[in-house]
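Inspection log for the structure reproduced underneath, given as structure tokens.
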Amino acid sequence: CCSRRKKPSYRGNHVDYVYHAILLFFIGHPEIFPLLLTAKTQKIFNCRADEDVTEENCFKCIKKEDIIQDLKTRANTSDFHPLRKVILEYPGEELLVVFDPKFQYGQNFYIVASEEAKENLLEVKSKEETLEVHKAWVSLGSEKEVEEESVKERDTKIKYKISRVRRKFGAPITFTDKNASDDKDSYAECTSYEDNTFTIKMIERDVGVQTVPKVRETSTQTKWTYPRNASTQYYTRELSNEAKAETLSSETLKEFLTAVHIRMEIALQQNEIMDVFFDDWKALAEDKEEGKPDVYLKAYQSFTDVQYLKNRTISCVRWHPTIYGAVLCH
């Protein structure tokens, strides 16, 4: 009989095993985790190689919720399953997935599991995109002026020799105050003067001229030399007797009266029955002059809202279902 040697199983702690192995292997960059994404997963998260992400534009931010939903849907078959613990412990809302076409970290993608490293990578990428391109310098003749104003050494240099009597070396010296005006030879005065050699003549000058119209204020007043009283009288214009008879006997007037006489009767009846201008609430108010008010209706409680009840009117009035004698209006 023969026995076969079983391979060690990491089903139970597969994620922990991969997680610790990656940390030990990439000890220099603990925030980077290699990830193998198949074509199906790339299509689901819109990160297809050489289409959605390229070597120049290799960054792709994927929401953490979408990755967790993929882990729940496909379970162990999900490409993110080996890094399940890293994804669940990630503090941010979006994970940075980087396309690695040269397999620098061993797989075609890798995940950055640190917010600080993610921000640094995105900031470097944005600086590279916004890098200004400097144009070549074009000479406009300014270097000639700089060269003319620059100081150059002479071919023949001036030499000075200063000597002193030997006995004065180390001799004591006494300093005293002295007015410079007492001895003219003790100082040299350099007063300012006009040197015609360096006089600059103004050859060109920028001058602007603007024409302005002349403005004059004037006024006029009409004199009422001949005052006169005037009046106007107007009177109503009436139809003739023939026009009145023709209008009263016309069919248009008869049709109009037939159409509106019912509404007019109803309006007249309502005017007789009730007064539309009568203030019912004021009539229900208490009479302060008498000792005992004869009022049984008063406001108990009201609710208002400046935004939703502005310019609104009462549309419904009903008795309270449980409280006797209470009326609700809304």
Side-chain angles (χ1 to χ4, degrees), residues 1-134 303 305-309:
C1 98
C2 61
S3 62
R4 295 182 180 180
R5 186 178 181 182
K6 294 184 180 180
K7 295 182 180 180
S9 176
Y10 297 101
R11 290 184 179 179
N13 297 322
H14 178 67
V15 176
D16 296 337
Y17 171 76
V18 175
Y19 177 72
H20 292 294
I22 292 173
L23 280 180
L24 291 174
F25 186 76
F26 296 98
I27 192 66
H29 299 280
E31 70 278 359
I32 295 177
F33 295 87
L35 179 65
L36 175 62
L37 295 182
T38 59
K40 183 178 179 181
T41 305
Q42 294 177 17
K43 185 176 181 181
I44 293 173
F45 292 97
N46 296 324
C47 57
R48 293 170 294 181
D50 298 327
E51 292 184 13
D52 299 324
V53 289
T54 59
E55 187 174 356
E56 292 77 14
N57 187 15
C58 56
F59 296 108
K60 178 68 177 180
C61 291
I62 302 176
K63 292 184 178 180
K64 180 181 177 181
E65 298 178 358
D66 297 341
I67 299 177
I68 295 175
Q69 185 63 33
D70 183 74
L71 289 170
K72 294 179 181 179
T73 304
R74 297 196 293 173
N76 296 340
T77 60
S78 175
D79 293 341
F80 295 97
H81 183 72
L83 302 177
R84 182 174 180 274
K85 185 176 181 181
V86 177
I87 295 169
L88 294 177
E89 294 178 354
Y90 185 72
E93 297 180 356
E94 290 183 346
L95 284 92
L96 179 62
V97 178
V98 185
F99 178 51
D100 190 5
K102 297 181 180 180
F103 292 85
Q104 183 179 359
Y105 294 99
Q107 299 295 348
N108 57 351
F109 287 87
Y110 62 85
I111 284 183
V112 180
S114 171
E115 280 289 320
E116 183 179 359
K118 169 188 170 182
E119 293 177 359
N120 293 336
L121 288 174
L122 294 177
E123 184 177 359
V124 171
K125 183 66 177 177
S126 62
K127 288 183 179 180
E128 292 178 355
E129 292 177 353
T130 58
L131 185 63
E132 297 182 359
V133 179
H134 298 281
F303 300 92
D305 188 271
V306 178
Q307 181 178 0
Y308 297 103
L309 299 180

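Reckoned from all heavy atoms, side chains included, excluding hydrogens, waters and symmetry mates.
What you find for Pro101 and Glu55 is that their closest heavy atoms are CG-CG, 4.0 Å. In this structure, Gln42 and Leu37 approach most closely via the heavy-atom pair NE2-O, 2.9 Å. Between Val86 and Ala113, the closest heavy-atom pair is CG1-CB, 3.6 Å. Residue Thr41 comes nearest to Arg74 through the heavy atom pair OG1-NH2, 2.9 Å, listed as atom of the first residue, atom of the second, then distance. Closest non-hydrogen pair, Val53 versus Cys47, comes out as CG2-O, 3.7 Å.
With sequence neighbours left out, Asp66 forms a salt bridge (charged side-chain N to carboxylate O under 4.0 Å, His left out) with no residue at all.
With hydrogens and angles disregarded, a donor-acceptor distance shorter than 3.5 Å links the side chain of Thr73 to the backbone of Gln69. Listed for the Lys118 side chain is a donor-acceptor partner under 3.5 Å among the backbone atoms of Glu94. Panel note: side chain Asp79, backbone Thr38; a donor-acceptor pair is recorded below 3.5 Å.
To the nearest 0.5 angstrom, Leu35 atom CG is 7.5 Å from Ile87 atom CD1. Taken from CG in Leu36 to OH in Tyr110, the straight-line distance is 15.5 Å, to the nearest 0.5 Å. To the nearest 0.5 angstrom, Arg48 atom CZ is 7.5 Å from Lys43 atom NZ. Rounding to the nearest 0.5 Å gives a distance of 7.0 Å between CG of Leu71 and CG of Leu88.
Checked options Leu96, Val98, Asp52, Asn46; the residue passing with Lys60 is Asn46 (criterion: side-chain contact (heavy atoms from CB on, under 4.5 Å)). Checking Lys64, Glu115, Lys85 one by one against Tyr90, the side chain to side chain donor-acceptor pair (under 3.5 Å) holds for a single residue, Glu115.
Ring geometry, Phe109 versus Phe99: the interplanar angle falls from 30° to 60°, so the pair is classed tilted.
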Ile111 and Val97: side chain to side chain contact (heavy atoms under 4.5 Å, CB included), yes or no, with the steps?
CA-CA 5 Å; Ile111 284 183; Val97 178; 4.1 Å; yes

